[in-house]
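To keep things clear, I will list the structure first and then write my remarks on it.
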Amino acid sequence: MDKFVKLTGVAAPLPVVNIDTDMIIPKDYLKTIKRTGLGKGLFAEARFNEDGSANPDFVLNKPAYQNATILVAGDNFGCGSSREHAPWALLDFGIRCVISTSFADIFYNNCFKNGILPIVVSQEDLDKLMDDASRGSNAILTVDLEAQEITGPDGGRIGFEIDAFRRHCLLNGLDDIGLTLEKAPAIDSFEKQTAASRPWA
């Protein structure tokens with residue numbers, strides 16, 4: 001998993017509440033268990049018209065936001081079914097950070113396991129960030145995980161809270177497998193001791 005230390009990039013505004021995982025990645029794209037290639041299906045029903053052409057009114061299709069790496073969204077982001085394809089699709093598209101006033105629990109946990117930083121802020125702070133994100137090509141935010149701070153295009157700063165263990169995992173690029181591999185020397189030692197004391201096992 002890629003480390004998340006500091007991210008500076010375009011923030012796309014998506015002022016919609018209750019964006020569920022089916023909107024993030026429609027069920028038609030759930031046939032694969034691969035984490036790659038799902039970016040094309042991100043918000044597919046909103047990004048594309050019925051004939052497959054791009055919907056020019058959807059924010060991620062607008063020239064200023066096509067390379068967005070941060071999403072500023074409405075309350076209760078990631079609700080609905082617990083499909084892990086949702087964070088996979090965001091990551092494959094290039095989104096590394098989602099900012100909202102609240103997240104569905106399962107989606108929130110899945111983000112950390114896939115290298116995405118979900119940030120919870122107050123409604124007042126979200127309104128400021130949504131305004132920043134509405135500046136088109138000037139919608140640049142810097143998210144500093146070490147300092148736990150978001151810096152807007154005008155230099156304004158907003159602090160955020162995050163669980164210390166999850167922060168540690170993102171800063172060091174540790175998913176569940178990475179955390180297990182950190183214990184590899186202890187696991188090897190245990191296996192050798194077990195083999196020596198129980199050679200018949």
Side-chain angles (χ1 to χ4, degrees), residues 1-21 23-25 35 38-44 46-47 57-79 85-104 107-163 166-167 169-171 173:
M1 189 172 78
D2 290 339
K3 296 179 181 180
F4 190 115
V5 180
K6 182 184 286 188
L7 172 67
T8 297
V10 172
L14 195 58
V16 180
V17 299
N18 301 321
I19 293 176
D20 62 22
T21 52
M23 181 178 177
I24 296 170
I25 183 73
R35 300 186 184 199
L38 288 169
K40 65 179 182 288
L42 181 69
F43 298 116
R47 277 173 64 203
D57 295 326
F58 187 69
V59 63
L60 294 179
N61 288 336
K62 295 180 179 180
Y65 299 107
Q66 288 179 358
N67 295 313
T69 56
I70 301 166
L71 202 57
V72 182
D75 188 55
N76 197 30
F77 190 89
C79 57
H85 293 69
W88 292 354
L90 286 164
L91 190 63
D92 193 60
F93 185 85
I95 303 293
R96 292 295 312 275
C97 177
V98 182
I99 305 170
S100 180
T101 50
S102 71
F103 294 88
F107 174 83
Y108 184 77
N109 292 329
N110 282 339
C111 280
F112 288 103
K113 294 180 179 182
N114 289 282
I116 297 173
L117 173 60
I119 298 176
V120 176
V121 296
S122 68
Q123 185 62 56
E124 180 183 0
D125 286 339
L126 186 75
D127 291 342
K128 293 176 185 174
L129 293 167
M130 197 70 74
D131 181 63
D132 287 338
S134 299
R135 299 185 187 186
S137 58
N138 293 320
I140 304 296
L141 297 181
T142 294
V143 178
D144 187 332
L145 181 54
E146 284 189 311
Q148 294 180 214
E149 198 170 63
I150 305 166
T151 305
D154 59 358
R157 297 172 187 267
I158 293 173
F160 61 89
E161 297 297 322
I162 185 171
D163 175 77
R166 286 171 166 160
R167 177 176 176 271
C169 289
L170 280 179
L171 286 172

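Annotation: side chain of Leu117 is in contact with side chain of Phe160 (closest heavy-atom distance under 4.5 Å). Within the 4.5 Å cutoff, no side-chain heavy atoms of Thr151 are placed close to those of Asp144. In this structure the side chain of Phe112 reaches within 4.5 angstrom of the side chain of Ile162, judged on heavy atoms. Contact check for Phe107 versus Cys79: no side-chain heavy atoms found under the 4.5 Å cut-off. The side-chain heavy atoms of Lys3 and Leu170, taken from C-beta on, include no pair separated by under 4.5 Å. Within the 4.5 Å cutoff, no side-chain heavy atoms of Asp75 are placed close to those of Leu126. With contacts defined as side-chain heavy-atom distances shorter than 4.5 Å, the pair Asp2/Arg96 qualifies. Lys128 is not listed as a side-chain neighbour of Ile150, based on a closest heavy-atom distance of 4.5 Å or more.
Counting all heavy atoms, side chain and backbone alike, Asp163 lies closest to Arg166 at OD2-N, 3.0 Å. Across all non-hydrogen atoms, the minimal contact from Pro13 to Met130 is CB-SD, 3.7 Å. Contact between Gly115 and Met1 at its shortest, heavy atoms only, is N-SD, 3.1 Å. Summarising the geometry of Val143 relative to Cys97, their closest heavy-atom pair is CG2-SG, 4.1 Å, with the distance given to 0.1 Å. Of all heavy-atom pairs between Pro153 and Asp132, the closest is CD-CG, 3.6 Å. Here the shortest heavy-atom pairing between Lys62 and Asp57 reads CE-O, 3.5 Å.
Panel note: side chain Asn114, backbone Ile116; no donor-acceptor pair is recorded below 3.5 Å. Put simply, the side chain of Tyr65 gets close to the backbone of Ala133: a donor and an acceptor are under 3.5 Å apart. Formation of a donor-acceptor pair under 3.5 Å by the Asp92 side chain with backbone atoms of Trp88 is not found in this model. Judged by distance alone, with hydrogens and angles left aside, the side-chain atoms of Arg47 form no donor-acceptor pair with the main-chain N or O of Asn61 at under 3.5 Å. Although no hydrogens or angles enter the test, the distance criterion places no donor-acceptor pair under 3.5 Å between the side chain of Thr21 and the main chain of Gly78. Between the Ser102 side chain and the Asn76 main chain, a donor and an acceptor come within less than 3.5 Å of each other.
Distance SG/Cys111 to CD1/Ile95: 11.0 Å, rounded to 0.5 Å. Taking CZ from Arg157 and CD from Gln148, the interatomic distance works out to 14.5 Å, rounded to the nearest 0.5 Å. Distance check: Leu91 CG to Leu38 CG gives 10.5 Å after rounding to the nearest 0.5 Å. Distance CG/Asp125 to CD1/Ile99: 10.0 Å, rounded to 0.5 Å. Taking NZ from Lys6 and CD from Glu149, the interatomic distance works out to 9.0 Å, rounded to the nearest 0.5 Å. Rounding to the nearest 0.5 Å gives a distance of 7.0 Å between CG of Leu71 and CG of Leu90.
Remark: Asn67 CG is loosely packed, at most 12 non-hydrogen atoms of other residues, nucleotides or ligands lying under 6.0 Å away. Sparse packing is recorded around CD of Glu124, with 12 or fewer heavy atoms of other residues, nucleotides or ligands lying under 6.0 Å away.
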Pair Ile25, Leu42 - check side-chain contact (heavy atoms from CB on, under 4.5 Å), show working. CA-CA 5 Å; Ile25 183 73; Leu42 181 69; 5.7 Å; no
For the pair Glu161 and Val120, evaluate side-chain contact (heavy atoms from CB on, under 4.5 Å) and give the outcome as yes or no after the intermediate values. CA-CA 8 Å; Glu161 297 297 322; Val120 176; over 6 Å; no
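Taking the six-membered ring where tryptophan is involved, the planes of Tyr108 and Phe103 are tilted, since the angle between them lies from 30° to 60°. Classification of the Phe77-Phe43 ring pair by plane angle, with boundaries at 30° and 60°, yields perpendicular.
Between Leu141 and the options Val72, Val10, Ile158, a side-chain contact (heavy atoms from CB on, under 4.5 Å) holds for only Val72.
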